[in-house]
Amino acid sequence: MAQKVPLVDLHAQYRAIQPAIDSAIQSVIERTAFIMGPDVRSFEDEFARFCTSTHAVGVASGTAALELTLRACGIGAGDEVVTSAHTFIATAEAISAVGARPVFADIDARTYNLDAHAVEAVLTPATRAILPVHIYGQPADMDALAVLATRHNLVLIEDAAQAHGATWNGRTVGVLGDAACFSFYPGKNLGAYGDAGAVTTNDAQIAERVSLLRNHGRHSKYLHDIKGYGERMDTLQAAILRAKLEHLADWTDARRRLAARYSELLAGCEVVLPYVDPAADPAWHLYVIRTPARDALLAHLNANGIGAGVHYPVPLHLQPAYADLGYQRGDLPVTETVADTCLSLPLYPEMTDEQQEYVVDAIRSFLDQ
Ligand SMILES: *Cc1c(COP(=O)(O)O)cnc(C)c1O
């Protein structure tokens, strides 16, 4: 069956702002400043303002943002970084890439974010950093994690790849730790037309180091202060992101309205609805429900032309790629239960009320069977 309601609809968004996108792309081509052109700097300034951070550094992807931030904080071989296993694999891959060891702590059963007590239980003398993920756009408990980080002298880095514009106690993600890592993968709340990412921080030294590391360690064209990497943000992506950033607050409002409406329409259904921490105003990258009948409900929705998905079906501690860490099923019980039961419903700013009702009707007809 043809898709009636996709999981995300990037076409609808392009159609709504096509003239601005097309002219942004055209102007980069006219200037031919494809690498580190003026749009990169302008986007960094504008994104820093959006996050209320003093610095933002554009990089090639969210993965690059994580890896360069860890390097900028001096994390490497022999170090342990505590993170969540209920996330996209890039969070852990960045830790591995710098030579450190990912240590997984279990998540909170309601918010699906790192549980600070579980984090505390896995700290060792080798722990150097905590890397919470604001999963689905809901901020992790940054108060509790900041207390731990201060007490144990750890770096606190946000994986904010899904949480552009979310707030925790009224403060925007991006300034809730030592640094924050954003992805502009096309399907993210702010999406480029290819790969892009950014690091935000109020720490001038971290910003300076990430800025050097992303561009071969150089201040000037042929003088390289340190050994770096080729992980710059493309000017074309920066120009597209500038055009889209103007709409991000409105798009986030639309996501919040649709999420609230899902919760209203699904009230009383035999499924677990998203819990919102009273301190959080999520950015609603995904609207995720839970049910033990997840696989059957997913099949039913897909058969009805609804692009529901699962984020993520296999937690990182059980991935073949991380078999070397020696984790077993049962080690992270909450993470495993959430992975077995979570289901992401279609959600994007351009979604119509009718599309949303169609999704809700399909869920209700499944549950009434
Ligand atoms: C998307 C994502 C990343 C990786 O970002 P890329 O831009 O695809 O490299 C990292 N962490 C989380 C939680 C993500 O959702």
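In each ligand, atom 1 is the first atom listed, and ligand 1 is the first ligand listed. Here, residue 1 is the first one in the sequence, and each next residue gets the next number.
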Student: Give yes if a backbone or side-chain nitrogen or oxygen of T63 is under 3.5 Å from a nitrogen or oxygen of ligand 1, and no if not.
Tutor: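 Checking ligand 1 against T63, an N or O pair does fall under 3.5 Å apart.
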Student: Return the orientation label for the F43 and F184 ring planes: parallel under 30°, perpendicular over 60°, tilted otherwise.
Tutor: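 If you compare the ring of F43 with that of F184, the planes turn out perpendicular.
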Student: By number and element, which atoms of ligand 1 are closer than 4.0 Å to a non-hydrogen atom of T87?
Tutor: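 By the 4.0 Å cutoff, the relevant atoms are 13 (C).
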Student: Mind checking whether Q162 has an N or O less than 3.5 Å away from an N or O of ligand 1?
Tutor: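 There is such a contact, yes.
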Student: Quick one: which ligand 1 atoms are inside 4.0 Å of a heavy atom on V133?
Tutor: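 Taking each heavy atom of V133 in turn, ligand 1 has 13 (C) under 4.0 Å.
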Student: I need the atoms of ligand 1 closer than 4.0 Å to a non-hydrogen atom of T91, numbered in the order shown.
Tutor: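 Counting from 1, the qualifying ligand atoms are 11 (N).
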Student: Looking at R255 and E350, is any side-chain nitrogen of the basic one under 4.0 Å from a carboxylate oxygen of the acidic one?
Tutor: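 Salt bridge: no.
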Student: Should you measure from each heavy atom of A90, which atoms of ligand 1 turn up under 4.0 Å away?
Tutor: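 Within the 4.0 Å cut-off of A90, ligand 1 contributes 4 (C), 10 (C).
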Student: Would you say ligand 1 has an N or O under 3.5 Å from any N or O of D195?
Tutor: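 No.
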Student: What orientation do F104 and Y327 show, parallel under 30°, tilted 30 to 60°, or perpendicular over 60°?
Tutor: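 Aromatic pair F104/Y327 classed tilted.
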Student: Would you call the rings of F88 and Y312 parallel, tilted or perpendicular, where under 30° means parallel and over 60° means perpendicular?
Tutor: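 Aromatic pair F88/Y312 classed tilted.
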Student: What do you reckon, does G62 have a nitrogen or oxygen under 3.5 Å from a nitrogen or oxygen of ligand 1?
Tutor: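 Right, the criterion is met.
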Student: Which residue holds the protein heavy atom closest to atom 8 (O) of ligand 1, what is that atom called, and what is the gap in Å?
Tutor: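 So the nearest neighbour among protein heavy atoms is Y185 CD1, 3.7 Å.
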Student: Quick check: are there more than 12 heavy atoms from other residues, nucleotides or ligands sitting under 6.0 Å from NE2 of H117?
Tutor: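 No, not enclosed.
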Student: Where do D353 and R257 come nearest, in terms of heavy atoms and distance?
Tutor: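 Taking every non-hydrogen atom into account, OD1-NH2, 2.9 Å.
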Student: Looking only at heavy atoms, which two atoms of L266 and V360 are closest? And how far apart?
Tutor: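 Reported closest heavy-atom pair: CD2-CG1, 4.0 Å.
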Student: Tell me the contacting part of D159 for ligand 1: side chain, backbone, both, or neither, using a 4.0 Å heavy-atom threshold, strictly below.
Tutor: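 Only the side chain of D159 comes within reach of ligand 1.
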Student: Does K188 come within less than 4.0 angstrom of ligand 1, counting non-hydrogen atoms of the residue?
Tutor: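 Flag set, K188 near ligand 1.
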Student: Charged N to carboxylate O below 4.0 Å: is that the case for R110 and D277?
Tutor: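 No salt bridge links R110 with D277.
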